[in-house]
Undergrad: 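This is the structure I want to talk about, given as structure tokens.
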Amino acid sequence: AAMTLVVFLLVAAVLALAVLVVQRGVSGPSAPALPPGDAPYTRAITCLVQGDQEGALRWLKETVRQDSDNVEAYIWLGDLLRARGDAERALAIHRELSVRHIADPALVERVYEGLTRDYLVLGRHAHAILAAEKLRSLNRQSRAALELLLRVHEALRDWDRAYETMEELAKVDGRSPAHLALYKSW
């Protein structure tokens, strides 16, 4: 699970860096220097891509210190803290973001995905279910929401709900899972 999170963080960092490059119109070595306010965030993403968690943590903290409206930096910071074993601080960040008005629906989904993962790591399953259900309400096709709900139901050994969630996941994926019988056998 930790390796999956690292891979997820790396892929997301590469995508975020690509978005930054496209948004800024950066093209090669003759690219203009980034404005000073953007430098820490760009450095943080670069550190994430390179697998330098310590550097990423330092630059993300600097980013949010300079720009408290950078929701994406806060999301990354919370995710990184959780990955480093500090789920309580990650939860505090994601919970604070959940009460903010965030215009970008994709970022709102990422906040609730982070919240669900925080609660799961902390063993707060009832809260994890609520956060995952909120994520699901934001996007009915959210595979992440269903996978997280499944993890919670499995942790609680609630095989009937795990079965129902697997059925929904199969519908989202457009396939018929042969492994559903395993949940009925428990």
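Bear in mind that the values here come from a model prediction, so they are computed numbers and not experimental data.
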Undergrad: Closer than 4.0 angstrom, basic N to acidic O: yes or no for E62 and R58?
TA: no
Undergrad: Do L148 and V152 come close enough that some side-chain heavy atom pair is under 4.5 Å?
TA: no
Undergrad: Under the side-chain hydrogen bond (donor to acceptor under 3.5 Å, both in side chains) test, which residues partner E133, sequence neighbours left out?
TA: none
Undergrad: Under the side-chain hydrogen bond (donor to acceptor under 3.5 Å, both in side chains) rule, collect the residues that match up with H153, sequence neighbours excluded.
TA: none
Undergrad: Do you reckon L120 sits in the same ILVMFWY cluster as L149, going by side-chain contacts under 4.5 Å, direct or chained?
TA: yes
Undergrad: Please step through side chain to side chain contact (heavy atoms under 4.5 Å, CB included) for the pair I93 and L91, ending with a clear verdict.
TA: CA-CA 5 Å; I93 290 169; L91 175 62; over 6 Å; no
Undergrad: Once rounded to the nearest 0.5 Å, what's the spacing between atom OH of Y119 and atom CZ of R95?
TA: 4.5 Å
Undergrad: Please list, chain by chain and in numerical order, all residues satisfying side-chain contact (heavy atoms from CB on, under 4.5 Å) with S137, sequence neighbours excluded.
TA: K134
Undergrad: Please name the residue in the list N139, D104, I102 that meets the side chain to side chain contact (heavy atoms under 4.5 Å, CB included) test with E109.
TA: N139
Undergrad: Taking all non-hydrogen atoms of both residues into account, name the closest pair between A90 and G78 and its distance.
TA: CB-O, 3.0 Å
Undergrad: Holding to side-chain hydrogen bond (donor to acceptor under 3.5 Å, both in side chains), I want the full list of residues that pass it with D86, two or more places apart in sequence or in another chain.
TA: R89
Undergrad: Hey, mind stepping through R117 and E113 against salt bridge (Lys or Arg N to Asp or Glu O under 4.0 Å) and telling me if it holds?
TA: CA-CA 6 Å; R117 290 181 190 285; E113 186 175 339; 3.0 Å; yes
Undergrad: W59 and L81: same hydrophobic cluster, using ILVMFWY side-chain contacts below 4.5 Å?
TA: no
Undergrad: With rounding to the nearest 0.5 Å, note down the distance linking OG in S68 to CZ in R100.
TA: 6.0 Å
Undergrad: Side-chain heavy atoms nearer than 4.5 Å, only ILVMFWY residues, links allowed to pass through others: does that put V121 and L57 together?
TA: no
Undergrad: Applying side-chain hydrogen bond (donor to acceptor under 3.5 Å, both in side chains), name anything that partners R84, two or more places apart in sequence or on another chain.
TA: E54
Undergrad: How long is the straight-line distance from CD of E154 back to NE2 of H125, given to the nearest 0.5 Å?
TA: 11.0 Å
Undergrad: Applying the 4.5 Å side-chain criterion to the ILVMFWY set and letting contacts propagate, would L130 and L97 be lumped into a single cluster?
TA: no
Undergrad: I need the E88 CD to L122 CG distance, nearest 0.5 Å.
TA: 4.5 Å
Undergrad: Would you compute the distance between atom OG1 of T116 and atom CZ of R124 and round it to the nearest 0.5 angstrom?
TA: 13.5 Å
Undergrad: Apply side-chain contact (heavy atoms from CB on, under 4.5 Å) to A73 and list each qualifying residue two or more places apart in sequence or on a separate chain.
TA: Y41, L60, T63, V64, N70
